Asks: 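First the structure, which I've put down as structure tokens, then a few questions once you've had a look.
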Amino acid sequence: MAERVHRVTLFKLPKPEDVDRLIEQYKILEATHQKNGKPYLQSVVIGKPEADPRAQGYTLCAKTEFASAEDMKYYDEECEAHKTLKGVAKSLTLEGAMSVYFTPTIYKPNISQ
């Protein structure tokens, strides 16, 4: 698990209907992503940040997890589901986006639940 690549993307979408539209597109991406005919994303987690000054105006957070940097490169350059999502995002009122990725230094899931 620690070798997986985690990516967090934040969006500033001032219109609530645009946030909802992008969430719907992430649902489609999660259901249709394919590499070599098989799903390849390890996880897709989407949510609206809580109303808090620390959110700095970002209205949607997406976390994707990849088995490798190669899979993330495929996602960015070749994945048809991601291309469709990016096309939808570009059609929305988008005031900003930020994306970072990392390989965990520490990974300890809470297994007591």
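We count residues from 1, following the sequence as given. Note that the coordinates shown come from a computational prediction; the quantities given were computed from them, not determined experimentally.
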Asks: Does anything in residues 47-66 form a ring-ring contact (aromatic ring centres under 6.0 Å, His included)? List the pairs, not counting sequence neighbours.
Replies: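 Residue pairs with at least one partner in residues 47-66: Phe66-Tyr75.
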Asks: Rounded to the nearest 0.5 Å, what's the gap from CG on Leu92 to CG on Leu22? Could you check?
Replies: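 Nearest 0.5 Å value for the CG-CG distance: 6.0 Å.
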Asks: Scan residues 39-59 for pairs that pass salt bridge (Lys or Arg N to Asp or Glu O under 4.0 Å), counting only residues two or more places apart or in two chains.
Replies: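 Found Asp20-Lys48, Asp52-Arg54.
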Asks: Atom OG1 in Thr103, atom NE2 in His6: separation rounded to 0.5 Å?
Replies: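 Here the interatomic distance stands at 7.5 Å.
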Asks: Please, which pairs that meet salt bridge (Lys or Arg N to Asp or Glu O under 4.0 Å) have at least one residue in residues 74-100, sequence neighbours excluded?
Replies: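 Pairs touching residues 74-100 that pass the test: Arg7-Asp76, Glu80-Lys83.
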Asks: State plainly whether one hydrophobic cluster holds both Leu85 and Val44, where clusters connect Ile, Leu, Val, Met, Phe, Trp and Tyr through side-chain heavy atoms under 4.5 angstrom apart.
Replies: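 They do share one cluster, since a chain of ILVMFWY contacts under 4.5 Å joins Leu85 to Val44.
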Asks: Name the residue from Val8, Thr64, Val5 that meets the side-chain contact (heavy atoms from CB on, under 4.5 Å) definition with Tyr101.
Replies: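 Single side-chain contact (heavy atoms from CB on, under 4.5 Å) partner of Tyr101 among Val8, Thr64, Val5: Val5.
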Asks: To check you understand the geometry: which heavy-atom pair defines the closest contact between Pro49 and Cys61, and what is its length?
Replies: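 Scanning both residues, the minimum pair turns out to be CD-N, 4.2 Å.
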Asks: Looking at residues at least two apart in the chain, or sitting in another chain, which of them share a side-chain hydrogen bond (donor to acceptor under 3.5 Å, both in side chains) with Ser99?
Replies: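 Applying side-chain hydrogen bond (donor to acceptor under 3.5 Å, both in side chains) to Ser99 gives Thr9.
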Asks: If I compare all heavy atoms of Pro16 with all of Pro14, which pair ends up nearest, and what's the gap?
Replies: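 So the two residues come closest at CD-O, 3.5 Å.
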Asks: For the CG atom of Leu60 and the CD1 atom of Ile46, what is their distance to the nearest 0.5 Å?
Replies: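 One finds 6.0 Å between CG of Leu60 and CD1 of Ile46.
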Asks: Check whether more than 12 heavy atoms from other residues, nucleotides or ligands sit under 6.0 Å from atom NZ of Lys63, and answer yes or no.
Replies: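 Count over threshold, so yes.
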Asks: Quick one: list whatever passes side-chain hydrogen bond (donor to acceptor under 3.5 Å, both in side chains) with Thr59, sequence neighbours left out.
Replies: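 Partners of Thr59 by the side-chain hydrogen bond (donor to acceptor under 3.5 Å, both in side chains) criterion come out as none, since no residue qualifies.
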Asks: Answer yes or no: is there a side-chain heavy-atom contact under 4.5 Å between Leu41 and Leu29?
Replies: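 In short, these two side chains touch, coming nearer than 4.5 Å.
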Asks: Is there side-chain contact between Leu13 and Leu94, with heavy atoms separated by less than 4.5 Å?
Replies: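 Yes, close enough: below the 4.5 Å cut-off.
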Asks: Distance from Ile23 atom CD1 to Gln25 atom CD, nearest 0.5 Å?
Replies: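 Between Ile23 CD1 and Gln25 CD, I get 12.0 Å after rounding to 0.5 Å.
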Asks: Per the salt bridge (Lys or Arg N to Asp or Glu O under 4.0 Å) rule, what does the pair list look like for residues 26-41, sequence neighbours excluded?
Replies: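 Of all non-adjacent pairs touching residues 26-41, those that pass salt bridge (Lys or Arg N to Asp or Glu O under 4.0 Å) are Glu24-Lys27, Lys35-Glu70, Lys35-Asp71.
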Asks: Once ring-ring contact (aromatic ring centres under 6.0 Å, His included) is applied, what residue pairs with a partner in residues 29-52 remain, sequence neighbours excluded?
Replies: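 Counting only pairs at least two positions apart or across chains, the ring-ring contact (aromatic ring centres under 6.0 Å, His included) contacts touching residues 29-52 are His33-Tyr40, Tyr40-Tyr74.
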Asks: Who passes side-chain hydrogen bond (donor to acceptor under 3.5 Å, both in side chains) against Ser68, sequence neighbours left out?
Replies: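 Scan of Ser68 (side-chain hydrogen bond (donor to acceptor under 3.5 Å, both in side chains), adjacent residues dropped) gives none.
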Asks: Taking all non-hydrogen atoms of both residues, which atom of Gln42 and which atom of Ala67 are closest, and how far apart?
Replies: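 The answer is CG-N, 3.5 Å.
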Asks: Would a 4.5 Å heavy-atom cut-off, applied to side chains only, mark Ser91 and Arg21 as touching?
Replies: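 Yes - at least one pair of side-chain heavy atoms lies under 4.5 Å apart.
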